[in-house]
Amino acid sequence: MRKLAILGFGTVGSGTVESFYHHKEKIAKRIGFTPDIKYILDIRDFPESPYKDKVIHDFSVIENDPEIAVAAEVMGGLNPALDFTKRLLSKGISVVTSNKELVARHGAELLALAKANNCSYLFEASTGGAIPIIRTLTDSLSSNYIYKIQGILNGTTNFILTKMREEGLPFNEALKLAQDLGYAEKDPTADISGADSARKISILASIAFGKHIKPEWVKTVGIDRVTSEDMAYAESLGAKIKLVAVASKESDSDKIFITVAPYIVCNNHQLAHVDDVFNAVMVDASGAGRLMFYGQGAGKLPTASAVLADITAALTETNSSDNVWEECEEDIIIKTDGEEGLPILE
Ligand code: HSE
């Protein structure tokens with residue numbers, strides 16, 4: 001039972017397969033045996049691919065193969081990813097994923113299912129791309145109390161805001177440039193509206209605070225109403241406008257503050273210097289103090305790097321993390337009134 005399955009052969013899936021074969025010897029050294037990819041599940045055929053013989057279309061082949069130890073779900077979306085993930089975990093097959101929507105919506109249930117079946121559900125690639133923030137929160141900072149997380153978690157909107165500021169482009173032109181360069185999707189709604197960042201901060205907050213914070217509870221404001229005048233105003237204050245996701249909780253309170261919004265970020269704040277498609281996450285923790293993580297939050301190889309790290313971990317550990325999210329109600333969230341103007345990041 002040492003074989004792998006890759007669910008989805010799109011950008012992240014193909015990056016994962018290519019990186020796996022590139023780094024296979026290194027992975028083998030680390031885990032003490034040589035793993036291999038047995039199946040790649042996709043609805044399409046890839047006759048030109050060197051991996052075409054591994055491509056299958058029937059999921060049940062994977063779930064019924066006792067050799068499969070780990071599956072990488074890199075299909076995205078809720079369906080059929082949720083059903084496939086549940087069926088695999090129920091059989092004790094570990095699942096690693098880049099699917100932020102699925103983790104944000106169903107993380108508590110899937111982590112509990114993994115624990116009950118003595119396997120792992122890992123999602124380093126769901127937030128921050130190559131930035132190793134999930135394992136940092138679950139493992140490296142597990143003995144700290146985490147007060148606050150502030151992050152630029154969406155590369156597309158960070159690129160758009162950078163171009164509006166540096167080149168004076170209006171929002172629509174900056175968006176078009178992001179689409180022409182392949183950063184923004186054809187339908188960029190999830191990025192622009194802040195929904196993508198909301199999913200990611202709800203995942204980070206759920207890990208940090210041990211409770212499943214649903215993405216729909218995150219007060220979310222997108223960047224589509226940011227104007228050139230707002231940019232100039234921020235500049236006059238010695239600041240920049242950034243789409244920032246924030247989650248915080250005082251140690252003596254049950255309540256959690258969580259939001260995504262275009263913030264005025266003063267130039268003496270480190271997040272003010274995170275430009276273009278880069279992501280960054282700043283964590284305030286009780287013992288460690290302030291930490292900052294910076295890197296490529298999207299793209300084929302950066303995301304594949306995180307998926308491969310999880311595959312390696314899933315092949316070595318069995319459910320070693322105590323990453324468990326309690327189910328909770330929305331009244332745990334601090335409700336704030338709609339604010340006039342752009343908030344200032346502290
Ligand atoms: N659309 C996302 C971004 C991709 O621009 O950051 C990575 O989650």
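In listed order, ligands and their atoms are each counted from 1.
Protein heavy atom in closest approach to atom 3 (C) of ligand 1: N154 ND2, 3.4 Å. Annotation: atom 8 (O) of ligand 1 to nearest protein heavy atom, K100 NZ, 2.6 Å. Closest to atom 5 (O) of ligand 1 among all protein heavy atoms lies T156 OG1, 2.6 Å.
Residues G15 and L301 come closest through the heavy atom pair O-CD2, 4.3 Å. For V218 against S202, the heavy-atom pair with the smallest separation is CG2-CB, 4.2 Å.
If you number the atoms of ligand 1 from 1 as listed, the ones under 4.0 Å from a heavy atom of A298 come out as 4 (C), 7 (C). The distance from ligand 1 to the heavy atoms of G155 drops below 4.0 Å at these ligand atoms: 3 (C), 5 (O), 6 (O). When each atom of ligand 1 is checked for a heavy atom of G297 under 4.0 Å away, the hits are 7 (C).
Taking the centre of each ring, F278 and F159 stay at or above the 6.0 Å mark.
Put simply, the side chain of V70 does not reach to within 4.5 Å of the side chain of I93, judged on heavy atoms.
A salt bridge (Lys or Arg N to Asp or Glu O under 4.0 Å) with K214 holds for exactly one of E327, E109, E329, E101; it is E327.
Nearest residue to atom 1 (N) of ligand 1 from D191, N158, V277, T303 is D191 (criterion: closest heavy atom).
Residue K200 has at least one nitrogen or oxygen atom sitting less than 3.5 Å from a nitrogen or oxygen atom of ligand 1, judged on distance alone.
A cation-pi contact, defined as under 6.0 Å to the ring centre and within 45° of the axis, links R2 to F33.
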